Amino acid sequence: AQSVAQPEDQVNVAEGNPLTVKCTYSVSGNPYLFWYVQYPNRGLQFLLKYITGDNLVKGSYGFEAEFNKSQTSFHLKKPSALVSDSALYFCAVRGMNTGFQKLVFGTGTRLLVSP
Amino acid sequence: GAGVSQSPRYKVAKRGQDVALRCDPISGHVSLFWYQQALGQGPEFLTYFQNEAQLDKSGLPSDRFFAERPEGSVSTLKIQRTQQEDSAVYLCASSLVRWTSGGPNTGELFFGEGSRLTVL
């Protein structure tokens with residue numbers, strides 16, 4: 001069964017500094033990997049996904065993530081954080097096997113960007 | 001509509017009451033998912049529909065939970081005899097593509113804002 005670990009409950013960063021939100025995964029075979037962001041009282045919004053190809057994936061709002069197969073990681077990054085990036089971030093994984101494969105989410109990491 | 005719409009946004013139920021939560025997916029989206037998000041946790045999968053067919057209901061926590069999507073569009077999640085542990089945000093998501101085929105066309109899920117259920 002697939003699973004996702006987000007080891008940090010919260011990440012604090014100053015505005016303008018680079019940020020990293022960590023994610024490691026476990027899945028049988030190759031993964032599909034996703035990052036979602038959740039603002040207060042809002043639904044989850046898609047940021048980016050890794051399906052195949054280039055290990056560095058670029059997404060919305062200047063975010064990017066790097067797929068590392070040997071470390072089974074998919075860390076979310078941004079070169080320069082904004083206060084408006086403060087939100088709850090979820091990593092998710094789905095297996096590539098045929099048939100229905102559910103999307104499994106991590107427990108989330110709260111990002112706080114200070115002015 | 002432009003996005004996934006869920007109603008009601010907030011529901012307070014007394015223990016033992018039945019509740020029904022509605023999801024209106026993006027028009028034309030084949031796949032529909034229900035997730036449960038407890039406070040401070042990530043979304044947990046409940047069930048998956050491909051058009052009107054419920055292909056996976058392995059995440060439903062008990063036989064008090066029932067979901068349907070009779071015409072392959074609107075879906076309803078019903079919880080019978082609610083218990084306090086059912087208190088959570090119930091998220092609906094839809095996707096344009098089938099989630100049984102995988103491949104490079106695997107699309108993202110579009111989530112509604114959720115229905116927050118509080119059972120007293």
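Just so we're on the same page: letters track the sequence lines, and every chain starts at 1. Remember, it's a predicted structure, so these values are computed and weren't measured experimentally.
Cluster membership check: A:Tyr25 does not share its hydrophobic cluster with A:Phe105, using side-chain heavy-atom separations under 4.5 Å among Ile, Leu, Val, Met, Phe, Trp and Tyr. Clustering ILVMFWY residues whenever any of their side-chain heavy atoms sit less than 4.5 angstrom apart, transitively, puts A:Val113 in the very cluster that holds A:Trp35. The same ILVMFWY cluster, assembled from side-chain heavy atoms under 4.5 Å apart, contains both B:Tyr48 and B:Phe111. Linking Ile, Leu, Val, Met, Phe, Trp and Tyr whenever their side-chain heavy atoms come within less than 4.5 Å leaves A:Val4 and A:Tyr32 in two separate clusters. Under a hydrophobic clustering in which Ile, Leu, Val, Met, Phe, Trp and Tyr are joined whenever their side-chain heavy atoms come within less than 4.5 Å, directly or via other members, B:Val4 and B:Leu21 fall into different clusters.
When B:Phe33, B:Phe45, B:Tyr35 are each tested for a side chain to side chain contact (heavy atoms under 4.5 Å, CB included) with A:Leu103, only one passes: B:Tyr35.
Annotation: maximal heavy-atom pairing with chain B below 4.5 Å, among A:Gln6, A:Lys102, A:Gln45, occurs at A:Lys102. The most heavy-atom pairs under 4.5 Å with chain B, out of A:Leu44, A:Leu48, A:Leu88, come from A:Leu44.
Looking at A:Gln38, the atoms closer than 4.5 Å to chain B (heavy atoms on both sides) all sit in the side chain, from C-beta outward. For B:Leu91, the part lying under 4.5 angstrom from a heavy atom of chain A is the side chain only. Looking at B:Gln37, only its side chain comes within 4.5 Å of chain A, counting heavy atoms on both sides.
The shortest non-hydrogen separation linking A:Gln101 to B:Trp99 is O-CE3, 3.5 Å. Residues A:Phe46 and B:Glu108 come closest through the heavy atom pair CD1-CB, 3.2 Å.
Remark: B:Leu120 CG is packed, more than 12 non-hydrogen atoms of other residues, nucleotides or ligands lying under 6.0 Å away. Within a 6.0 Å sphere centred on CZ of B:Arg15, heavy atoms belonging to other residues, nucleotides or ligands number 12 at most. Within 6.0 Å of atom CZ in B:Arg9, more than 12 heavy atoms from other residues, nucleotides or ligands are found, so the atom counts as buried in its surroundings. Applying the 6.0 Å contact sphere to CD of B:Glu71 captures no more than 12 heavy atoms from other residues, nucleotides or ligands.
Contacts between residues 57-69 of chain A and chain B, defined by a heavy-atom separation under 4.5 Å, are made by no residue at all.
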